[in-house]
Number of protein chains: 2
Amino acid sequence: MKKKSVIEKNSSTEEKIKEAARKVFTQKGYAATRTRDIAEEAGYNLALINYYFRSKEKLFDIICLENIQLFIPSVLGILNDPATTLQEKIEILVSNYIDMLMKNPELPLFILSEIHKDPMTLINKVWSNNIRHENAYIIKQWQEFMASGKGPSVNPVHIFINALSMMIFPFVAGPLLRNRTGMGKEAFNKLMEERKKLIPVWIGTMLNIR
Amino acid sequence: MKKKSVIEKNSSTEEKIKEAARKVFTQKGYAATRTRDIAEEAGYNLALINYYFRSKEKLFDIICLENIQLFIPSVLGILNDPATTLQEKIEILVSNYIDMLMKNPELPLFILSEIHKDPMTLINKVWSNNIRHENAYIIKQWQEFMASGKGPSVNPVHIFINALSMMIFPFVAGPLLRNRTGMGKEAFNKLMEERKKLIPVWIGTMLNIR
DNA sequence: GTCTATAGACTGATAGAC
DNA sequence: GTCTATCAGTCTATAGAC
């Protein structure tokens, strides 16, 4: 019984509508998306969207939640692994993160846009307390690194910002970058692939600048 | 006669509506903005928005054009100055750019969002041939630098991307960053002020990595 | 579960008074 | 130039047939 309902949920109308909604919402944003667009993309009648999800807004909330959660699970295990060094953790994190972004290149701009239009609603709705990292092993390693005197002389927040910037921004500006440089999709992906190895090197250098 | 009409244009209803439109469009995007919001923000009746600008879309086009042009003029003179070195040009460009972003922190996300929703329309509408840099002096300096053998061993596009990322991304992610770090507006601006001097150093380091 | 038909609310735009 | 009143079109959501 339970098994059957799970199977049904994962691969039929409801799921198809959700996938269609994810695609259209992510590309056009909430306001510019019409329920008709979603229904058409899913190949069903627009009445079904309300049958399954009550309203456009409730469907949007679900998509937001799932989109944002894509950012999280790949990270938690790595942060708490006592077997890897700080530098190794950075290498793994950067590589995983860029992988995820290459699979979902439109995600960052979608999330940042919707947060910008209504900052607290989305953040509080979704982030609640999904992330708890106080006891992560990486914190201990970081504190040891800073205490050793080998850390950066600048505010470390700068380097954290730089790491996020170098990973995420190319995807946020993807269409513009490709248009300006005349780069194709493949060339762009090749470049991002290279960055998996380069970004940890740059971060490492910044951490030791004094 | 001519003088009078210019004065009228620059500081009355038409200009007030434009300022209101800039504010609301920039914050909510095109689709989520109602002409009523703009009229209310401007303190006038919504009929006037059509009286002066014919339609919501034509008004939006004007705002887009003006917003994107904010990115350009501050840059052109610097690129062509034979009196400054490459490193000095980078320092000035970064400083000016961050200044401009601190005055218009919402601009990058607005432009990137609207480009994403409809890539070619906006880019072609506005960019046409506003930017011509083939003969800029900086190109010559760059080619000399690369020919000297002191240039980076990685594809220089990476470093160009990094420079843009480190400057622009903090503003694109501003609301999220402030929320996650508990930073206030003043602390954020102080950080950005610091980055005016730091980013050229980081870029310089990247250019010499081999 | 899925479709058709339509209600009910909102939005951009205009006509016409002042 | 500015405002009021209103229309025509579009959108979300629902009622009801199948």
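Naming: A, B, ... by sequence-line order, numbering from 1 per chain.
- With D:dA13, D:dC3, C:dA13 as the choices, the nucleotide that has an atom nearest any side-chain atom of B:L48 turns out to be D:dC3.
- Here D:dT14 presents its P atom at 7 Å from CZ of A:R54, a figure rounded to the nearest Å.
- In this structure, A:L46 places its CG atom 8 Å from C1' of D:dA13, rounding to the nearest Å.
- Across the protein-nucleic acid pair, B:K56 atom NZ and C:dT14 atom C1' stand 17 Å apart, rounded to whole Å.
- In this structure, CD of B:E40 is placed 16 Å from C1' of D:dC3, rounded to the nearest angstrom.
- Contact annotation: A:Y52 reaches the phosphate of C:dT2 (side-chain N/O to OP1 or OP2, under 4.0 Å).
- Comparing C:dT14, D:dA13, C:dT2 by their closest approach to the side chain of A:Y44 singles out C:dT2.
- No donor-acceptor pair closer than 3.5 Å links the side chain of A:K28 to the backbone N or O of A:K23.
- We find that CD of B:E14 is positioned 8 Å from P of D:dG1, with the value rounded to whole Å.
- A straight line from CD1 of A:I49 to C1' of C:dG1 spans 16 Å, rounded to a whole angstrom.
- With hydrogens and angles ignored, the 3.5 Å screen pairs no side-chain donor or acceptor of B:R22 with any backbone N or O of B:C64.
- For B:R36, the side-chain atoms get nearest to C:dG12 when compared with the rest of D:dT4, C:dG12, C:dC3.
- Using a distance-only test at 3.5 Å, with no hydrogens or angles considered, no donor-acceptor pair links the side chain of B:S95 to the main chain of B:E91.
- Relative to the ring axis of B:F53, B:K18 does not place its NZ or CZ within 45° and under 6.0 Å from the centre.
- Between its two ends, the helix from C:dG1-D:dC18 to C:dC18-D:dG1 turns its axis by 0°, counting five pairs per end and rounding to 10 degrees.
- Closest to the side chain of B:T35, out of D:dT14, D:dG1, C:dA13, is C:dA13.
- Listed candidates were C:dC3, D:dT2, D:dA13. Nearest to the side chain of A:A47 is C:dC3.
- Note: B:F60 and B:F110 have perpendicular aromatic rings, judged against thresholds of 30 and 60 degrees for the angle between ring planes.
- Residue A:N45 places at least one side-chain N or O under 4.0 Å from the OP1 or OP2 atom of C:dT4.
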From CA spacing to verdict: side-chain contact (heavy atoms from CB on, under 4.5 Å), B:K196, B:D99: CA-CA 8 Å; B:K196 286 194 204 170; B:D99 262 339; 2.8 Å; yes
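- Counting to the nearest Å, the C1' atom of C:dG12 and the CZ atom of B:F53 are 16 Å from each other.
- Of the side-chain N and O atoms in A:T13, one or more sit less than 4.0 angstrom from OP1 or OP2 of C:dT2.
- A distance-only check finds a donor-acceptor pair linking the side chain of A:N104 to the backbone of A:M100 [under 3.5 Å].
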Set out, line by line, the N/O atom pairs under 3.5 Å between protein and nucleotides 8-10 of chain D.
none

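- With A:D37 contributing its side chain and A:R34 its backbone, the two residues share a donor-acceptor pair below 3.5 Å.
- By the neighbour-count criterion of 12 heavy atoms within 6.0 Å, atom CD of A:E40 is sparsely surrounded, having that number or fewer from other residues, nucleotides or ligands.
- For the atom pair CE of B:M146 and CG of B:L86, the computed distance is 11.0 Å after rounding to the nearest 0.5 Å.
- One atom, CZ of A:F60, and another, P of D:dA13, lie 14 Å apart when rounded to the nearest Å.
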